[in-house]
Amino acid sequence: MLSGILIFNQKGENLIFRAFRNDCRPRLADIFRIQVISNAQVRSPILTLGSTTFSHVKHENIYLVAVTKSNANAALVFEFLYRLIVLGKGYFGKFDEEAIKNNFVLIYELLDEVLDFGYPQNTETDTLKMYITTEGVKSAIANSATDSSRITMQATGALSWRRADVKYRKNEAFVDVIEDVNLLMSATGTVLRADVTGQIVMRAYLSGTPECKFGLNDRLLLEGDNMTSSLGGRLDNATGSSSRRKNKTRAAAGSVTLEDCQFHQCVQLGRFDADRIISFVPPDGEFELMRYRATENVNLPFKVHPIVREIGTTKVEYSVAIKANYGSKLFASNVVVRIPTPLNTAKTVERTSQGRAKYEPEQNNIVWKIARFTGGSEYVLTAEATLSSMTHQKAWSRPPLSLSFSLLMFTSSGLLVRYLKVFEKSNYSSVKWVRYMTRAGSYEIRF
Amino acid sequence: MAMNKIRGAFTAPRKGETFELRAGLVSQYAYERKEAIQKTIMAMTLGKDVSALFPDVLKNIATSDLEQKKLVYLYLMNYAKSHPDLCILAVNTFVQDSEDPNPLIRALAIRTMGCIRVDKMVDYMEEPLRKTLRDESPYVRKTAAICVAKLFDLNPSMCLENGFLETLQELIGDPNPMVVANSVTALAEINQMSPEIDALQVTSSTLRKLLMALNECTEWGRVTILTTLANYKTTEVKESEHICERVVPQFQHVNPSVVLAAVKVVFLHMKNVNAEMSKNFLKKMAPPLVTLVSSAPEVQYVALRNIDLLLQKEPGILNKELRVFFCKYNDPPYVKFQKLEIMVRIANDRNVDQLLAELKEYALEVDMDFVRRAVKAIGQVAIKIESASEKCVNTLLDLINTKVNYVVQEAIVVIRDIFRKYPGYEGIIPTLCQCIDELDEPNARAALIWIVGEYAEKISNAGDILAGFVEGFNEEFSQTQLQILTAVVKLFLKRPDKAQGLVQKVLQAATAENDNPDVRDRAYIYWRLLSNTSDSNATKNIVLSEKPPIVSTVSSLPPALLEQLLTELSTLASVYHKPPEQFVGQGRFGADAVQQAAIEEQIQNARENPLAAAAAAAAVTGATPPPQAQSNIENLLDIDFDGTAPASAQKEPTNGMSGLEGLAGTPVRVESPAVGVPASSNNLDDLLGVFGSNDAVPSSAAGGVGVNGGSSNAMDLMNGFAGLDLSSNNAATSPSFPSQGTQPKKTNEDILSLF
């Protein structure tokens, strides 16, 4: 598997070098620096030289590199590198050059723990935090033998994500449904692609070992509820429900079709596959319970009508209208519209009916910011970009206009949390909170 | 603050740093010693040699401070090799630690011992390892399990004698899922190191245990178990069904590598179950595959490469998902290119309009490489879907009208291919001829000239156009020269009155003033044919013979390779679309064996399909000569690691020969034939041949082709001239044949002209 993990800064200085196998030589650091960091031509995240493969990802101002000498599992390698980033963020808040330089001892310790002989072990931040602690807080726990046997039991157990002795005076669970809506609209206004990638983040402050059941207005599940006949085999279930889909449209009104979902490792996948029930013992604190994808009936929160006219070779005129397509009680915040300008723009003049617009030459964008966008309203920007003349006139590629925003209490997919049930031995009552938010994923409009 | 002092170590080294560190390491104050150790590790990371401090660091090994212990161990692992004798001093601590009441320390000790690769240390490992394998703490057991693999790497016989492998096999039945996963990992590793032992035997009872552990262990453990399941050969249909059913829920895992591993298991075992069921599994596979496309770009890239493989086997699985593969403006190029290929693969007559609109959009972007590929994709779609060909041609004409130089050139090349499938579009030829002056790439020029020659009877000014090219014949690339030659001869045969003078002129230029053997040979053959007066139709029959229409310009892997790669899903091999032997270095894959396999495959190929093989051979010469420096680095790498020189280094090319010569002879980098992807601009890629950019074949293999196919290019290779040609960086004199594998037409003519 992995022969070593290397971390570089942007200048190519080697910050961390941890070899897990004999074949990972210090000299490899130089080779990576020469071949990847100082080579502008590289276009692939994977590079094989001789029989050595470097797989790298970039994060903030660092390169994380995995060295392999075998036919390694590439998906696993990259996923692991991303997990390292998550781990780094969990420990240091931000995982960048600064954090690495300040915590290099801890990072070596972590690497020693999460990889053994190049094979990934437990990478759950919360579990690791129990016995690998940040500087200063020398854990008294980890040093006493009984406690560490408990910790190690947990780190390897079937419930490796949860301590057994969690106690809260007030039992609460917060559920955040966060959706990223992706849109690609053509210049003629047809929707080329609209889909939602959602995640459900849970913050569980629950005592003991609670078993939770979580219900959504998932179409398949709702149909399942209404079905009285037995489901038969596991496989028949999926086909069965899709064939019944037509008959059940009325019953399934107000439900959403999830194309696909992924769950945190605490969710019992077998049960979901069999009866679409989301059942789990949550980790303590914040975690991502599930991710999902929906492509049907996507509600687009904003409609954008850009009109862009190139007048001769010296001027471009913009008129961008943006309309909020949600109830007037809601409002979106931090709406930012990025309107591309040609590379040779010399100066711009903008007028807006709401918010402020500014030209950002380094990005080749006019950035229009609207702090608060009430539902149903429509705002317009008109702008004019004056172009400097260039000796070599090249056509402007017209990159798409893009939007970012966040909108509370709105889900583009129409997803709703129907229930969250908590079962625990002591039978305490718990309080649950649900919050919905829709953000812009890649919200692009061509013009 | 301690923190600032640590940071200080990143600045320029002070004088006598080693001295200072040593003073710190033997200081009477614990905190100073610890700080010195930290600084030592820091210096080690920066690549400084601090091995001289070995004895002093070692003095700090016996400590109750876990963090300090870890640092000392880290140091030990790095420098044990340079001080094997001193390592003995640490043994005692290790053995003691392995019996510590604290499981974390026991695990740390056994983990580190396995990483100190010194023979003397190995001798002392036996006892602690035996104990820790039976430890009460699963954390220690799972660490010890991996340690067996480490020990096996160092001393296999010791592992076997002590029965550690049997213990590992028992651990597969451990109640703790992580211990199970690590035992499987260790056994799989050992199995890979020496397959003859057959360490990882999966029986139906182990299978049950694995399936049990699958639902409980960590995500990484799941990948291990799933990989093992994928390699397992089932004995009966029921078993395959059972495995698939148990694995399908893993499609919903959040970790993409688990999802891919699960896809692999189901895909491989699906073959054994009945059609109805496997259709169902395929249906369930589609949504998770699509979800992978929204993961991080690097993971996405791996997923896309794998989807490409799956689609070649099961073209229908993502039929309705075209939109998902639309390129985002900010996608990295490697993702965009891959998405393009996949879009072409899933194009059908229902989604083709959408696809064309999208491709046209891409063709107007700025990234030249991407634009070219988009244009090429339009051509591929036209050839793939007959009903859409007209729309495609219209789109291409629109693009030609943009007058953007590289778009026009690529479009012409693409249209040439379209003519080879649908000869009926001659109406657009006048438009094409208008851009003659803008074409400066040999490929595009050659394409246009081919079109002119092919339709000479319908183009009234064909003579004038060709006359222009003949005028500058000697300045053209040989690829273009060949086409001029052929086109003029075709024109002459079709309209003898117009081209009498021209044909003489061009034959004269090609034989007397040209030093390229290919051009000369072809000219001589034409000359001989034309001077054959006994049968005036013979020449026509040969030169103007009906050519078989091309079927597809979408590259696809040979079936045998595809089958092999499907068993390698999610690995590097699946990303490169190359069998692992080609990049995994020597190891236990004997260099000879690999070369032998390559030759056999080549011969087999040649037997089945002489044209394609010949084309592949021809393409060798089209590969870009890589810079010498890079091949050196690569060789250095291998020398560095294995102590022995790799095959490529042994015949390290002398002065005139670049690394590519080595490439042709090195089994490690044998390329698969018939992968016709356009040459990428990245030399490094070409050199490594791992991106499917060029169709290099080993020279010896090409020799076999030469005998069969009789292509002149293959003969060149056989005679060993290829190396010389390749090494010349002067593009004007080196033969640059079309580097597309999809060029049977040209080779076709080659062969025809030889007979």
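Chain identifiers are assigned alphabetically (A, B, ...) following the order of the sequence lines, protein sequences preceding nucleic acid strands; residue numbering begins at 1 within each chain.
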**Study point:** Which of A/S442, A/G270, A/S55, A/P399 touches chain B most, by non-hydrogen pairs under 4.5 Å
**Key:** A/P399
Point to revise | Under 4.5 Å from a heavy atom of chain A, the part of B/E189 involved | key: both
Check your understanding: chain A heavy atoms under 4.5 Å from B/K70: which part of the residue, side chain, backbone, both or neither?
Key -> side chain
Practice item. Can you tell which part of B/V254 gets under 4.5 Å to a heavy atom of chain A, answering side chain, backbone, both or neither? Key: both
Point to revise | Side-chain donor or acceptor of B/T224 paired with backbone N/O of B/W220 under 3.5 Å | key: yes
Check your understanding: Do the side-chain N and O atoms of A/N9 and A/E97 include a donor-acceptor pair separated by under 3.5 angstrom?
Key -> yes
Check your understanding: Can the ring centroids of A/H56 and A/F32 be said to lie less than 6.0 angstrom from one another?
Key -> yes
**Study point:** Contacting region of A/R293 [heavy-atom separation from chain B under 4.5 Å]
**Key:** side chain
Practice item. Determine the option with the most heavy-atom pairs under 4.5 angstrom with chain B, choosing from A/T68, A/L6, A/T123, A/L81. Key: A/T123
**Study point:** Cation-aromatic face contact A/R21/A/F117, 6.0 Å, 45 degrees
**Key:** yes
**Study point:** Residue part contacting chain A, namely of B/N182, when any heavy atom lies under 4.5 Å
**Key:** side chain
Exercise for review: Identify whether the distance between the nearest side-chain nitrogen and carboxylate oxygen of A/E288 and A/R291 falls below 4.0 Å.
Suggested key: yes
Review point. What option among A/M1, A/R83, A/R271 has the most heavy-atom pairs under 4.5 Å with chain B?
Key: A/R83
Point to revise | Which atom of B/A213 lies closest to which atom of B/P177, heavy atoms considered | key: O-CB, 4.2 Å
Check your understanding: With only heavy atoms counted, which part of A/L76 is less than 4.5 Å from chain B, the side chain, the backbone, both or neither?
Key -> both
Check your understanding: Going by distance alone, is a donor N or O of one side chain under 3.5 Å from an acceptor N or O of the other, for A/D23 and A/S3?
Key -> yes
Practice item. Could you have a look at B/A296, B/A357, B/S137 and say which one has the most heavy-atom pairs with chain A under 4.5 angstrom? Key: B/A296
Review point. At a heavy-atom separation under 4.5 Å, does A/M290 approach chain B through its side chain, its backbone, both, or neither?
Key: neither
Review point. B/Y73 versus chain A, heavy atoms under 4.5 Å apart: side chain, backbone, both or neither?
Key: neither
Revision key, fill the gap. Honestly, the part of B/T112 sitting under 4.5 Å from a heavy atom of chain A is neither
Study note, to complete from the structure: Comparing B/R141, B/E365, B/E361, B/K328 against chain A, the one with the most heavy-atom pairs below 4.5 Å turns out to be B/E361
Check your understanding: What part of B/P288 is in contact with chain A, defined as an atom under 4.5 angstrom from a non-hydrogen atom: side chain, backbone, both or neither?
Key -> both
Review point. Using a cut-off of under 4.5 Å for heavy-atom pairs, which of B/E136, B/R106, B/E358, B/M44 has the most such pairs with chain A?
Key: B/E358
Exercise for review: Side chain from CB out, backbone as N, CA, C, O: work out which of these in B/D367 comes under 4.5 Å of a heavy atom of chain A, or both, or neither.
Suggested key: side chain
Practice item. Examine distances only and state if a side-chain atom of B/D331 and a backbone atom of B/V335 form a donor-acceptor pair shorter than 3.5 Å. Key: no
Review point. A/F17, A/F80, A/Y292: which one forms the most heavy-atom pairs within less than 4.5 Å of chain B?
Key: A/F80
**Study point:** Presence of salt bridge, B/D153 and B/R117, under 4.0 angstrom
**Key:** yes
Point to revise | Segment of B/C217 engaging chain A (4.5 angstrom heavy-atom cut-off) | key: backbone
Revision key, fill the gap. Counting heavy-atom pairs under 4.5 Å with chain A, the top scorer among B/A149, B/S295, B/C147 is B/A149
Revision key, fill the gap. Scanning both residues in full, the closest heavy-atom pair of A/I34 with A/N39 reads O-CB, 3.8 Å
**Study point:** Pair B/N306, B/S574: side-chain N/O donor-acceptor within cut-off below 3.5 Å
**Key:** yes
Practice item. Go through the atoms of A/E444 and report whether side chain, backbone, both or neither lie under 4.5 Å from a heavy atom of chain B. Key: side chain
Check your understanding: For B/K279, does the NZ atom have more than 12 heavy-atom neighbours from other residues, nucleotides or ligands under 6.0 Å away?
Key -> no
Review point. Charged N to carboxylate O below 4.0 Å: is that the case for B/R323 and A/D195?
Key: no
Review point. Would you say the side chains of B/E568 and A/N71 form a donor-acceptor pair under 3.5 Å?
Key: yes
Practice item. Mind ranking A/V57, A/D112, A/T53, A/N122 by heavy-atom pairs under 4.5 Å with chain B and telling me who comes out on top? Key: A/D112
Exercise for review: Identify which part of B/S570 has an atom lying under 4.5 Å from any heavy atom of chain A, answering side chain, backbone, both or neither.
Suggested key: both
Exercise for review: Please flag which part of B/L74 lies under 4.5 Å from any non-hydrogen atom of chain A: side chain, backbone, both or neither.
Suggested key: side chain
Review point. Should A/R27 and A/D30 count as an ion pair when the cut-off is N to O under 4.0 Å?
Key: no
**Study point:** Heavy-atom contact with chain B under 4.5 Å, split by part of A/R18
**Key:** side chain
Practice item. Begin from the C-alpha positions of A/D273 and B/R246 and carry the test salt bridge (charged side-chain N to carboxylate O under 4.0 Å, His left out) through to its verdict. Key: CA-CA 10 Å; A/D273 191 55; B/R246 292 292 293 269; over 6 Å; no
Check your understanding: Which one, B/V290, B/L364, B/V179, B/N330, leads in non-hydrogen pairs under 4.5 Å with chain A?
Key -> B/V290
Review point. With a 4.5 angstrom heavy-atom cut-off, which part of B/A261 approaches chain A: side chain, backbone, both or neither?
Key: neither
Practice item. Side chain from CB out, backbone as N, CA, C, O: work out which of these in A/P26 comes under 4.5 Å of a heavy atom of chain B, or both, or neither. Key: neither
Check your understanding: Using non-hydrogen atoms only, which part of B/V258 is less than 4.5 Å away from chain A: side chain, backbone, both, or neither?
Key -> neither
Practice item. Tell me, for B/R222 versus chain A, whether the close heavy atoms (under 4.5 Å) come from the side chain, the backbone, both or neither. Key: side chain
Point to revise | Engaged part of A/Q268 at the chain B interface, taking heavy atoms whose separation is under 4.5 Å | key: neither
Review point. Does a salt bridge link A/K58 with B/E298, judged by any charged N lying under 4.0 Å from a carboxylate O?
Key: no
Point to revise | Toward chain B, the part of A/Y119 with a non-hydrogen atom under 4.5 Å | key: side chain
**Study point:** A/R193 side-chain N/O to A/L183 backbone N/O, donor-acceptor pair under 3.5 Å
**Key:** no
Revision key, fill the gap. Greatest number of non-hydrogen atom pairs under 4.5 angstrom with chain A, of B/T571, B/V302, B/T218, falls to B/T571
Revision key, fill the gap. CZ (B/R111) and CG (A/L115) are apart, to the nearest 0.5 Å, by 10.0 Å
